Amino acid sequence: MARKKVILAYSGGLDTSVAVPWFNEKYDVDVVTMTVDLGMVDLETIRQRALKVGAAKALTVDGREALVNEFLFPALQAGAIYEEQYPLATALGRPLIARCLVEAARAEGAYAVAHGCTGKGNDQVRLDVGVTALAPELKVIAPVREWGMSRQDEIEYARAHNLPINPKASRFSVDENLWGRSVEAGELEDPWQEPPEEAYAWTRPVSAAPDEPAYVEVHFEQGIPTAVDGEAMTGVDLVRHLNSVAGAHGVGRIDHVENRLVGIKSREVYESPAAVVLHVAHKALETLTLSKDQVRTKARIAQEYADVVYNGLWYTHHRTDLDAYVRHTQRFVTGDVRVRLHKGTCAVAGRKSPSALYQHGLATYDRGDQFDHTAAVGFISIYGLPVRTQNQAQRE
Ligand code: ARG
């Protein structure tokens, strides 16, 4: 009889590499690894490694386009930034990985899926809840939650099993995709200590950033960025391009003490150059094209949307309801924003839109003013009426 199969989300790192022989021994199952490219990995190298550590089969998926179009850009349109700091790179990648796990499990006839998350992070929640939403019949196994091995134990296990991996000397735990790089552990665990330069990889320190600013012009169509400096690009290329341009100017470093879903505070450092530029630019275009009420209601939705993403609730009706609102708000968010990148800062330099609500004739103090100044008198008389009434009737 054929052995049962489990699909393991495989990154090629120590945890998931140790998990392959561990599964073979402990569960007596065939391990099929599944690696998703979210923009930062060499799929073939990882695939080869999966087979070397004992996977029965190694699957790979190019998830870049889906990540950008189905997760990153909707979150951008929503203005989703967790606790006003974190653009949610890791959090937005997880539901896509969950979906790929489920698709692979169905294609391979697996009874379970597995991942290398620990028992104290947010990612286990995002993957477990994501999988259970999409495929309630699938079992989810998280070896790291079960095996009780320390990192040192894992390294010894890897040696004893002749696994061809040499665990990186890096003292940090890093997760990355197109939307950003998340770095934690090591000395970052002391929130008083400034992050060392080695924690960063995508961004230059301000001291090494060019003295001359760079200007970047982003074009949006209904809230989706479609071109930079007049050049139309796919979402994937556009995000990669902005990561490199803005990163070179030191833009996108974020140092955040955040509230995890499991109740603890953790200090994490992020690098998200493209996400920072795009959020700044997108918001600037909205100030021009949305009404005051729309902007304010949308800001509340943005916070809710960010919590939903952070808390692993992507595959919920609540999220799709929020998305419906957000998407509808974007129908006139078309135009261009010019930002200045300089020494770690990203500032809006200009914005324009064919649907702008900003009307020069109404705003100007120069000749050509179309605003009816005399109408202000009657407006203020009625607007101030309750204030006047109360202060007359109830002197304090
Ligand atoms: N704290 C971030 C989140 O929950 C990132 C988690 C992964 N970080 C890491 N360095 N491995 O979304």
Side-chain angles (χ1 to χ4, degrees), residues 9-19 35-36 38-41 46 67 71-72 74-76 78 80-98 115-130 142-145 151 154 167-191 193 195-196 198-203 252-273 275-276 279 302-315 319:
Y10 184 70
S11 70
L14 179 65
D15 290 329
T16 51
S17 292
V18 165
T35 306
V36 195
L38 298 182
M40 300 298 139
V41 301
I46 298 181
L67 178 72
F71 298 85
L72 306 186
L76 171 67
I81 298 184
Y82 187 62
E83 295 181 338
E84 292 168 11
Q85 297 219 62
Y86 167 40
L88 295 161
T90 299
L92 286 162
R94 297 310 180 196
L96 175 54
I97 294 174
H115 58 71
C117 302
T118 71
K120 64 194 276 191
N122 299 310
D123 289 326
Q124 52 169 349
V125 182
R126 296 168 185 151
L127 289 173
D128 288 18
V129 174
V144 181
R145 266 189 324 224
R151 191 176 162 80
E154 287 181 38
K168 276 182 263 125
S170 171
R171 52 212 201 266
F172 305 116
S173 156
V174 177
D175 177 69
E176 42 183 22
N177 65 40
L178 285 164
W179 211 226
R181 191 168 169 271
S182 307
V183 193
E184 64 184 6
E187 63 263 50
L188 298 176
E189 288 175 359
D190 176 359
Q193 201 169 321
E198 307 86 79
Y200 298 107
W202 292 12
T203 54
R253 292 187 174 191
I254 297 157
D255 179 353
H256 188 195
V257 174
E258 72 197 43
N259 292 291
R260 279 195 197 164
L261 182 54
V262 294
I264 52 183
K265 287 190 188 285
S266 73
R267 196 274 196 102
E268 187 126 18
V269 166
Y270 299 102
E271 294 181 284
S272 285
V276 166
H279 273 291
Q303 195 179 41
E304 182 64 19
Y305 198 103
D307 284 348
V308 162
V309 171
Y310 189 87
N311 294 339
L313 301 175
W314 183 266
Y315 297 109
R319 198 270 305 166

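Numbering of ligands and ligand atoms starts at 1, following listing order. Values below: all heavy atoms of this structure, side chains included; hydrogens, waters and symmetry mates excluded. Nothing fancy with the numbering, it's 1 onward along the sequence. Please read all numbers here as calculations on a predicted model, not as lab measurements.
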Under 4.0 Å from one or more heavy atoms of Ser182, ligand 1 contributes atoms 5 (C), 8 (N), 9 (C), 10 (N)

So for ligand 1, is Glu268 a polar contact partner (N or O within less than 3.5 Å, distance only)? yes

NZ/NE/NH1/NH2 to OD/OE distance under 4.0 Å, Glu184 and Arg260: yes

Looking only at distances, can you tell me whether any N or O atom of Arg94, backbone or side chain, sits closer than 3.5 Å to an N or O atom of ligand 1? no

Numbered atoms and elements of ligand 1 in range of Glu258, under 4.0 angstrom, heavy atoms: 1 (N), 2 (C), 3 (C), 4 (O)

Do the rings of Tyr82 and Tyr310 sit parallel, tilted or perpendicular, given the 30° and 60° boundaries? parallel

Between Arg151 and Asp15, is there a salt bridge with N-O shorter than 4.0 Å? no

Below 4.0 angstrom from a heavy atom of Ser173, which ligand 1 atoms are there? Numbered from 1 as shown, please. 9 (C), 10 (N), 11 (N)

In terms of the angle between their ring planes, are Tyr270 and Tyr86 parallel, tilted or perpendicular, with boundaries placed at 30° and 60°? parallel

Tell me which protein heavy atom sits closest to atom 2 (C) of ligand 1, plus the residue, atom name and distance to 0.1 Å. Tyr270 OH, 3.2 Å

Which residue and atom name correspond to the protein heavy atom nearest atom 12 (O) of ligand 1, and how close is it? Tyr86 OH, 2.6 Å

Per-atom contacts of ligand 1 with Arg126, taking only distances under 4.0 Å to non-hydrogen atoms: 3 (C), 4 (O), 12 (O)

Would you mind checking which non-hydrogen protein atom is closest to atom 4 (O) of ligand 1, with the distance to 0.1 Å? Asn122 ND2, 2.7 Å

Does Ser272 reach the main-chain N or O of Gly252 with its side chain, forming a donor-acceptor pair under 3.5 Å? no

Is it true that a side-chain atom of Glu271 and a backbone atom of Ala201 form a donor plus acceptor pair closer than 3.5 Å? yes

Check whether more than 12 heavy atoms from other residues, nucleotides or ligands sit under 6.0 Å from atom CD of Gln303, and answer yes or no. no

I need the nearest protein heavy-atom contact for atom 6 (C) of ligand 1: residue, atom name and distance, please. Asp123 OD2, 3.7 Å

